[in-house]
Amino acid sequence: MPAVTVDNILALPRIDAPAPGAVDRPVRSLTTAPVGYEGEGFPVRRAFAGIDLAALDPFIHMDQMGEVNYAPGEPKGTPWHPHRGFETVTYMIDGIMEHQDSNGGGGTIGGGDTQWMTAGGGILHIETPPEHLVMSGGLFHGVQLWVNLPRDNKMAAPRYQDITGQKVALLSSPDGGALVRVIAGEVDGHSGPGSTYTPISLVHATVAPGASLTLPWNPEFNALAYVLAGEGLVGSERRPFRMGQTAVFGRGDTLTIAAADTQDSRTSSLEVFVLGGKPIREPVAMAGPFVMNTKAEVMQAFEDFQAGRLGSIPAAHETLG
């Protein structure tokens, strides 16, 4: 699992040991993601299925895309589609994905890169593997997260952030047993590059077999951990969890994740996506690609899309009849 790594983890800044009296967060729930299909048919695991929105706030939805090894001609993406009222965060671990949107944003991301699109008041976008990857096939693995926007920012101007893997903050656990990549927000005083409307933290952690990671976590934030690969133990109770499972933490100052002493033949370490944020605590009305505060606002979004007010597909990508 490439993402971003280092030759000498012990040369990285170390995460401080927990302060005396720090409360380690318990696990409130543990769920297993069902498998589904997205876009033109690529497989996903619905990481947040079965979890109450109140426990996810400010997050709405998350898919683990792949992991799948495509044969030549098989790679798939999504067609042009609209969004309003939230942000999409696409984090690639393996493979390559291209993004283009009606606001002029776009780029190509590979292992360890992130595309952060604020849909705001409305945008059209498309995500596809590049043509050469379609021809050759190859490994494809990533995460797409939907981050809600507060009422006051739902109609913000769309924007696009291209966050290369070299920009993420890299940290080590005190003993060097875990590599922590901070994509957005702050962990132990170290900030990731992602700029957010809602205060959140996003982390991809790699924990070596038998090692343990304790992260200081903002007490005002909720906290979730999703297993991308491998198996281990989570929370103050050390509950077993494995690939495809999401742990929702209770309140506290830190969260602890430990890797099992042995991993399966496909996985050298425990790979975990850790996320949390300050809850928005506003009504959520969502349908399809729109996340608003009321049903009337969702209906207005559909009307605006049908009327062409959410943007237009660039001419170079129009299909001629």
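Positions are given from 1 along the sequence.
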Item to check | Test side chain to side chain contact (heavy atoms under 4.5 Å, CB included) applied to Ser312 - qualifying residues, sequence neighbours left out | outcome: none
Distance-only donor-acceptor hits, side chain of residues 222-237, under 3.5 Å, sequence neighbours excluded:
residue	atom	partner	partner atom	Å
Asn222	OD1	Gly277	N	2.8
Asn222	ND2	Ala55	O	3.1
Asn222	ND2	Leu56	O	3.2
Asn222	ND2	Asp57	O	2.6
Tyr226	OH	Gln64	OE1	2.5
Glu237	OE1	Val27	N	3.2
Glu237	OE2	Val27	N	3.0

Checklist entry - With sequence neighbours excluded, what pairs up with Ala169 under the side chain to side chain contact (heavy atoms under 4.5 Å, CB included) test? => result Val182
Item to check | side-chain hydrogen bond (donor to acceptor under 3.5 Å, both in side chains) against Trp217, all qualifying residues, sequence neighbours excluded | outcome: none
Next on the checklist: Starting from Met299 and following side-chain heavy-atom contacts under 4.5 Å between hydrophobic residues (I, L, V, M, F, W, Y), which residues can be reached?
Outcome noted: none
Checklist outcome for this item: Sorted by chain and residue number, the side-chain hydrogen bond (donor to acceptor under 3.5 Å, both in side chains) partners of Ser173 (sequence neighbours excluded) come out as Asp175
Checklist outcome for this item: With sequence neighbours left out, the residues meeting side-chain hydrogen bond (donor to acceptor under 3.5 Å, both in side chains) with Glu87 are Trp116, Thr118
Item to check | Same apolar cluster (I L V M F W Y, side chains within < 4.5 Å links), Val272/Ile15 | outcome: yes
Next on the checklist: Please enumerate all residues that pass side chain to side chain contact (heavy atoms under 4.5 Å, CB included) together with Gln245, with sequence neighbours excluded.
Outcome noted: Leu30, Thr32, Phe241, Arg242
Item to check | Neighbour count above 12 (heavy atom, 6.0 Å) for Arg238 CZ | outcome: no
Item to check | Connected via hydrophobic side-chain network under 4.5 Å: Ile257 and Val187 | outcome: yes
Checklist entry - Which of these passes side chain to side chain donor-acceptor pair (under 3.5 Å) with His125: Gln115, His81, Gln100? => result His81
Checklist entry - Which residues pass the ring-ring contact (aromatic ring centres under 6.0 Å, His included) test with Tyr197, sequence neighbours left out? => result none
Item to check | Electrostatic pair Arg45:Asp63 at N-O distance under 4.0 angstrom | outcome: no
Checklist entry - For Glu98, which residues count as a side chain to side chain contact (heavy atoms under 4.5 Å, CB included) partner, sequence neighbours excluded? => result Thr108, Thr128, Pro130
Checklist entry - Using a side-chain heavy atom cutoff under 4.5 Å and only I, L, V, M, F, W and Y, what cluster partners does Val23 have? => result none
Checklist entry - Can Glu67 and Arg266 be counted as an ion pair, charged N to O under 4.0 angstrom? => result yes
Item to check | Partner set under ring-ring contact (aromatic ring centres under 6.0 Å, His included) for His190, not counting sequence neighbours | outcome: none
Next on the checklist: Keeping Arg25 on the side-chain end and Gly252 on the backbone end, is there a donor-acceptor pair under 3.5 Å?
Outcome noted: yes
